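Just follow the structure's listing: the first ligand is 1, and inside any ligand the first atom is 1. For the single chain, residues carry numbers from 1 onward in sequence order. It should be emphasised that the depicted structure is a prediction, and the values quoted were computed from it without experimental measurement.
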Amino acid sequence: MTRKIHIVGNWKMNKKMDDIKTFFEEFSKLKDDFNCNSWIAPQHIHIPIVREFADSFGIAVGAQNCSHKTSGAFTGDISAESLKDLGTQFTLVGHSERRAFFGETHAILNEKTHKALEYDLSVIFCIGETLEQREASKTEDVVKEQLKEGLKNFPNEKLSKLIVAYEPVWAIGTGKTATPEQAEDVHKVIRDYLTDELKMKGDEIVLLYGGSVKPGNIKELLSMPNIDGALVGGASLQASDFAALCKAS
Ligand code: PEP
């Protein structure tokens with residue numbers, strides 16, 4: 001497969017309107033001819049305003065989460081249908097912060113995946129082990145179970161809508177990045193598992209690495225054969241860092 005690198009910014013619960021304007025003002029001065037797919041996931045409430053800026057740069061705008069329900073009496077939840085209606089192109093599913101702080105189970109994440117697909121959103125399905133699990137040599141078992149349960153009954157004809165992000169929990173927001181070799185080892189396990197066990201066309205699925213990615217370490221991560229891009233939290237908040245990540249790709 002020819003690799004088109006994806007750089008996805010996860011802004012988490014950050015930025016107000018003024019910050020968004022400033023981000024894009026700065027970004028417009030730094031923007032070059034990037035060769036990668038640049039995507040940003042702001043807070044839901046900011047999707048329309050971010051789209052107003054991002055569309056002109058060819059940046060796709062996505063959500064950090066979506067409901068596993070279709071519509072109705074689910075106060076505070078955000079439906080895939082409404083996201084699609086706002087021109088949202090993708091959603092994260094199963095970020096470790098959702099799993100840890102909001103108790104999202106394999107079953108719910110599987111429902112979210114299917115709901116997002118139903119409304120034609122691309123899914124960035126996030127998986128990864130905790131430090132405790134890594135130290136107990138359980139990394140492979142953990143990521144395989146997350147894939148098996150979360151991607152249950154994923155329709156083969158929608159594979160172009162699937163991206164998998166490997167994000168070791170111990171590397172998220174901690175400044176500790178997995179070494180390129182550590183990340184590559186798990187990416188290879190993931191690709192083989194998708195192909196051999198889940199019977200998907202593993203070679204066609206974009207695999208992102210996430211966990212303290214920054215301009216200083218992106219190049220070596222992307223030099224690995226099974227790393228097709230990055231899901232970036234902290235370093236995506238600054239226009240200069242986000243532009244540098246896109247340029248490095
Ligand atoms: C993330 O939130 O997905 C992430 C990888 O965060 P950070 O880049 O800050 O580690």
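Checked by atom type, the side-chain pair E129/W170 shows a donor-acceptor distance below 3.5 Å.
Between E118 and K115, at least one side-chain nitrogen of the basic residue sits less than 4.0 Å from a carboxylate oxygen of the acidic one, meeting the salt-bridge criterion.
When hydrogens are left out, the protein atom nearest atom 3 (O) of ligand 1 is E167 OE2, 2.6 Å; that is the closest non-hydrogen contact. Here the protein heavy atom with the shortest distance to atom 1 (C) of ligand 1 is H95 NE2, 3.3 Å. Looking only at protein heavy atoms, the nearest one to atom 8 (O) of ligand 1 is G233 N, 2.8 Å.
Between F23 and F242, the two ring planes are tilted [angle within 30° to 60°]. The aromatic rings of H114 and F154 are tilted relative to each other, their planes meeting at an angle between 30° and 60°.
Residue contact annotation: K12 has a non-hydrogen atom under 4.0 Å from ligand 1. Ligand 1 is approached by S212 to a heavy-atom distance shorter than 4.0 Å.
Ligand 1 has no nitrogen or oxygen under 3.5 angstrom from a nitrogen or oxygen of T174. Between G234 and ligand 1, an N or O atom pair is found at a separation short of 3.5 Å.
Every atom of ligand 1 is numbered from 1 in the order shown, and the set under 4.0 Å from a heavy atom of N10 is 1 (C), 2 (O), 3 (O). Of all atoms in ligand 1, numbered sequentially from 1 with element shown, those under 4.0 Å from a heavy atom of G211 are 5 (C), 10 (O). Below 4.0 Å from some heavy atom of G173 lie the following atoms of ligand 1, by number and element: 7 (P), 9 (O), 10 (O). Interface of A171 with ligand 1, defined as ligand atoms under 4.0 Å from a residue heavy atom, comprises 10 (O).
Side-chain contact between V8 and N10 is absent, with no heavy-atom pair separated by less than 4.5 Å. Between N65 and H44, the closest side-chain pair of non-hydrogen atoms falls below 4.5 Å. With a 4.5 Å cut-off on side-chain heavy atoms, K161 and L121 do not count as touching. Side chains of R134 and Q182 form a contact here, defined as non-hydrogen atoms less than 4.5 Å apart.
By the criterion of a heavy-atom distance under 4.0 Å, both the backbone and the side chain of I172 are placed next to ligand 1. Neither the backbone nor the side chain of C126 has a heavy atom within less than 4.0 Å of ligand 1.
Partner H6 forms a ring pair (Phe, Tyr, Trp, His ring centres under 6.0 Å) with one of F90, W39, Y209 and no other, that one being W39.
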